[in-house]
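Let me begin by presenting the structure, written as structure tokens, before commenting on it.
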Amino acid sequence: QLTLTRTAVTSFHVNKPTWSALLSSSYSTIDRTQPSAARSLAFANGFALVYRPVHLLTLEPNVNFKHEWEPGAGLKTDTPSAGFAWAYTPRREMQLVGRASFSRSVSEDPVRDSSIVNTTAGLNWKLGKSSFGEQSLSLQVEYKNESRAALADNQHANLTGMIQFKIAGF
């Protein structure tokens with residue numbers, strides 16, 4: 001299935017020394033070539049806040065709402081979601097990060113109803129400079145659980161991990 005999405009976004013951003021906020025809105029057209037060559041329209045709104053209570057800690061809550069509809073089929077799907085991310089930097093060369101999110105899609109077509117829980121934890125570590133450039137190591141673990149009540153095999157959980165070694169500036 002080939003999908004072409006066209007999106008127009010407008011946003012308002014405020015940035016202060018200890019916090020920032022983003023309010024965004026988008027309108028999308030989504031064209032699918034298979035199976036029914038259907039066109040969907042989507043309208044999404046979101047609010048994100050970044051709060052830095054101390055220089056070592058960053059907290060980032062967000063909420064979003066997406067309304068999608070297929071004019072040809074007359075189907076509508078609403079998807080509210082919320083998330084929270086944090087970053088803790090105890091030392092200049094080390095950062096611990098985490099995020100969690102939840103979304104719930106409710107549709108006039110029960111097959112499209114779903115809920116998704118996603119969590120991630122990670123460690124970013126600057127190892128230092130070498131003759132090749134700045135080196136860093138990142139470790140990340142992600143857990144994702146998607147459930148669809150209308151399907152027989154209705155729950156899929158996925159646990160992934162990543163180790164990444166970076167060399168920059170060579």
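Just so you know, these numbers come straight off a predicted model, no measurement behind them.
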Original post:
Which distance, rounded to the nearest 0.5 Å, do you find between the CZ of Arg52 and the CH2 of Trp19?
Top reply: 10.0 Å
Subject >> Option from Glu142, Glu146, Lys144 for which side-chain hydrogen bond (donor to acceptor under 3.5 Å, both in side chains) with Asn118 holds >> reply: Glu142
Subject >> Side chains of Lys76 and Ser107 in contact at under 4.5 Å (non-hydrogen atoms) >> reply: no
**OP:** Looking only at non-hydrogen atoms, find the nearest pair between Ser11 and Leu22 and report the distance.
**Re:** CB-CD1, 3.8 Å
Original post:
Can Thr79 and Ser105 be counted as having a side-chain donor-acceptor contact under 3.5 angstrom?
Top reply: yes
Subject >> Short side-chain donor-acceptor distance under 3.5 Å, Thr7 and Ser28 >> reply: yes
Original post:
Taking the side chain as C-beta and beyond, is there a heavy-atom pair between Thr29 and Thr5 under 4.5 Å?
Top reply: no
Subject >> NE2 (His13) with more than 12 external heavy atoms under 6.0 Å >> reply: yes
**OP:** Kindly assign one of parallel, tilted or perpendicular to the pair Phe65 and His67, based on the angle between their ring planes and the thresholds 30° and 60°.
**Re:** parallel
Subject >> From Leu159 atom CG to Tyr143 atom OH, the distance as rounded to the nearest 0.5 Å >> reply: 8.5 Å
Subject >> Over 12 foreign heavy atoms within 6.0 Å of CH2, Trp125 >> reply: no
**OP:** Could you tell me the separation between the CD atom of Glu108 and the CG atom of Leu75, rounded to the nearest 0.5 Å?
**Re:** 6.0 Å
**OP:** Flag yes if more than 12 heavy atoms outside Ile163 fall under 6.0 Å of its CD1 atom; otherwise flag no.
**Re:** no
Original post:
Does the side chain of Tyr27 reach to within under 4.5 Å of the side chain of Leu41, using non-hydrogen atoms?
Top reply: yes
Original post:
What distance do Met94 atom CE and Leu123 atom CG have between them, rounded to the nearest 0.5 Å?
Top reply: 6.0 Å
Original post:
If you group Ile, Leu, Val, Met, Phe, Trp and Tyr by side-chain heavy-atom gaps below 4.5 Å, do Val50 and Leu56 land in one group?
Top reply: no
**OP:** For the residue pair Asn154 and Ser147, confirm or rule out a side-chain donor-acceptor distance under 3.5 Å.
**Re:** no
**OP:** State, to 0.1 Å, how close Gly133 and Ile167 come at their nearest heavy-atom pair, and which atoms those are.
**Re:** N-CG2, 4.4 Å
Original post:
Tell me, do Ser101 and Phe84 make a side-chain contact under 4.5 Å, heavy atoms counted?
Top reply: no
Original post:
Just by distance, with hydrogens left out, do Gln135 and Ser130 show a side-chain donor and acceptor under 3.5 Å apart?
Top reply: yes
Original post:
With side chains defined as the heavy atoms from C-beta onward, is the minimum distance between Tyr51 and Leu57 less than 4.5 Å?
Top reply: no
Subject >> Full working for side chain to side chain contact (heavy atoms under 4.5 Å, CB included) between Ser138 and Phe165 >> reply: CA-CA 7 Å; Ser138 296; Phe165 178 69; over 6 Å; no
Original post:
In Å, rounded to the nearest 0.5 Å, how long is the span from CD1 of Ile116 to CZ of Phe102?
Top reply: 9.5 Å
Subject >> Contact check, side chains of Pro53 and Thr18, non-hydrogen atoms, under 4.5 Å >> reply: no
**OP:** Flag yes if Val111 and Trp69 sit in one hydrophobic cluster, no otherwise; membership is Ile, Leu, Val, Met, Phe, Trp, Tyr, and two members link when side-chain heavy atoms are under 4.5 Å apart.
**Re:** no
**OP:** Enter the distance from Leu49:CG to Leu23:CG here, rounded to the nearest 0.5 Å.
**Re:** 12.0 Å
Subject >> side chain to side chain contact (heavy atoms under 4.5 Å, CB included) between Leu4 and Arg6, worked out >> reply: CA-CA 7 Å; Leu4 175 63; Arg6 295 179 186 95; 3.1 Å; yes
Original post:
Hey, does Val97 have a side-chain heavy atom less than 4.5 Å from the side chain of Tyr88?
Top reply: no
**OP:** Check Asn145 against Gln155 and note the closest heavy-atom contact, atom names and distance.
**Re:** ND2-NE2, 2.8 Å
**OP:** Determine, step by step, whether Glu68 and Ile30 satisfy the side chain to side chain contact (heavy atoms under 4.5 Å, CB included) criterion, reporting the C-alpha distance in whole Å, the side-chain angles of both residues, the deciding distance to 0.1 Å, and the verdict.
**Re:** CA-CA 10 Å; Glu68 186 174 346; Ile30 304 137; 3.9 Å; yes
**OP:** Could you tell me whether the side chain of Val141 reaches within less than 4.5 Å of the side chain of Leu139, counting heavy atoms only?
**Re:** no
